[in-house]
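Only this structure's heavy atoms are used, side chains among them; waters, hydrogens and symmetry mates stay out.
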Amino acid sequence: MVRALLVRGMLAGLAAGVVALAVSYLLGEPRVEAAVAFEESHAHGHGEELFSRTLQSTGGLATGVLLFGTAVGGVAALAFCFALGRTGRLAPRATAALVSLAALAGLYLVPFLKYPANPPSVGDPDTIGTRTALYFLMMLLGVLLASAAAVLGRALVPRFGAWYASVAAAGALVLAVGLAYALLPGVDEVPADFPATLLWRFRLAALAVQAALWTAFGLLFGELAERVLRPGPAPAAARTPPPHPAASVR
């Protein structure tokens, strides 16, 4: 059963990647092109490109998004297997939606609010290693803190009930994330003359891509998981018992 759900999770992730690819191409690529044009207009020299912008915005973008969708779809399917039955009486569709929402919040929203996505020409190349490490650290903290909040909420249910336990766990999560935001260093390397509107629209596009990915995955995988875990009734012909031998003799 786990293998069946894992395969369906990867297929749902691949299909969700197609949706995210469309959103990225329509909303993200125009902002990337504008940021590249800004960078080229302020560059003193032209470096050699290993891959052309055309290849980056088509084949490169498609490969990255589809592989990412397939990989996270498999991981989310395993998380679904762990969460199923441990989140109350939620049906497979509702559990898949809950897992997708938690993944969007923990894997993207939590690090995004501290270290938002930046277009080309924003950021010092010398600090890319530090910025990447901080982003993945915030991502890891988001997953761990969300998991701890879920465990806390489940532990508080017998004493306070489901509603108050959920409110207490959500409050603890917000407090812990806020503390992590305060302790981790900030990063502000946006050029003074970079268009604020372009930066804002690029970040909104990046957020829309992730929202499209996880929304599509939750809906698709929820439907596939429902069919695996709750197969429909057998056809009427299959349920009809064969005639008794004595009836045929008569």
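- Around CD1 of Ile128, the count of heavy atoms belonging to other residues, nucleotides or ligands within 6.0 Å does not exceed 12.
- Closest approach of Arg203 to Pro116, counting heavy atoms only: CZ-CG, 3.5 Å.
- Not one N or O on the side chain of Arg154 forms a donor-acceptor pair closer than 3.5 Å with the backbone of Ala150.
- By the rule that hydrophobic residues join a cluster once side-chain heavy atoms approach within less than 4.5 Å of another member, Phe80 and Met10 end up as members of separate clusters.
- Put simply, the side chain of Tyr115 reaches to within 4.5 Å of the side chain of Met138, judged on heavy atoms.
- Heavy atoms of other residues, nucleotides or ligands lying less than 6.0 angstrom from CZ of Arg93 number more than 12.
- Here the CG-CG distance, from Leu84 to Leu98, works out to 11.0 Å after rounding to the nearest 0.5 Å.
- Here Met1 contributes atom CE and Leu6 contributes atom CG; the two are 13.5 Å apart, rounded to the nearest 0.5 Å.
- Residues Leu219 and Leu104 do not share a hydrophobic cluster, defined by chaining ILVMFWY side chains whose heavy atoms lie under 4.5 Å apart.
- Checked by atom type and distance alone, the side chain of Lys114 never pairs as donor or acceptor with a backbone atom of Val187 at under 3.5 Å.
- Going from atom OG1 of Thr70 over to atom CG of Leu11 covers 8.0 Å, rounded to the nearest 0.5 Å.
- Here the closest heavy-atom approach between residue Ala12 and residue Leu224 is recorded as CB-CD1, 4.3 Å.
- When hydrophobic clusters are built by joining Ile, Leu, Val, Met, Phe, Trp and Tyr residues whose side-chain heavy atoms come closer than 4.5 Å, directly or via intermediates, Leu134 is grouped together with Leu145.
- Counting heavy atoms from C-beta on, the side chains of Trp200 and Leu204 come closer than 4.5 Å.
- Separating the CZ atom in Phe221 from the OG1 atom in Thr95 is a distance of 10.0 Å, to the nearest 0.5 Å.
- The shortest non-hydrogen separation linking Gly17 to Leu66 is C-CD2, 3.6 Å.
- Residues Gly222 and Ala96 come closest through the heavy atom pair CA-CB, 3.5 Å.
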Open item on the list: Under the criterion side chain to side chain contact (heavy atoms under 4.5 Å, CB included), I'd like the reasoning laid out for Leu61 against Ser24: C-alpha separation, chi angles, the key distance, then a yes or no.
Closed with: CA-CA 9 Å; Leu61 178 64; Ser24 179; 3.6 Å; yes

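- For Val99 against Ala76, the heavy-atom pair with the smallest separation is CG1-O, 3.8 Å.
- Both Val110 and Phe68 are assigned to one and the same hydrophobic cluster, defined by single-linkage of ILVMFWY side chains at heavy-atom distances under 4.5 Å.
- A distance of 10.5 Å separates CG in Leu21 from CG in Leu14, rounded to the nearest 0.5 Å.
- Atoms OG and CZ, on Ser166 and Phe160 in that order, are 12.5 Å from each other to the nearest 0.5 Å.
- One hydrophobic cluster holds both Leu113 and Leu173 under the rule that ILVMFWY side chains link at heavy-atom gaps under 4.5 Å.
- Annotation: side chain of Val65 is not in contact with side chain of Val209 (no heavy-atom distance under 4.5 Å).
- Contact check for Pro119 versus Phe194: side-chain heavy atoms found under the 4.5 Å cut-off.
- At a cut-off of 3.5 Å, with distance as the only test, a side-chain donor of Thr127 or Glu189 sits close to an acceptor on the other residue.
- Taking all atoms of both residues into account, the shortest heavy-atom contact from Ala168 to Leu156 is CB-CD1, 3.9 Å.
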Open item on the list: Using the rule given for side chain to side chain contact (heavy atoms under 4.5 Å, CB included), can you reason through Leu213 versus Val19, listing the C-alpha separation, both sets of side-chain angles and the distance that settles it, and then say yes or no?
Closed with: CA-CA 7 Å; Leu213 174 72; Val19 177; over 6 Å; no

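- Using the six-membered ring where Trp is involved, Trp214 and Phe217 have ring planes that are perpendicular, over 60° apart on the 30 and 60° scheme.
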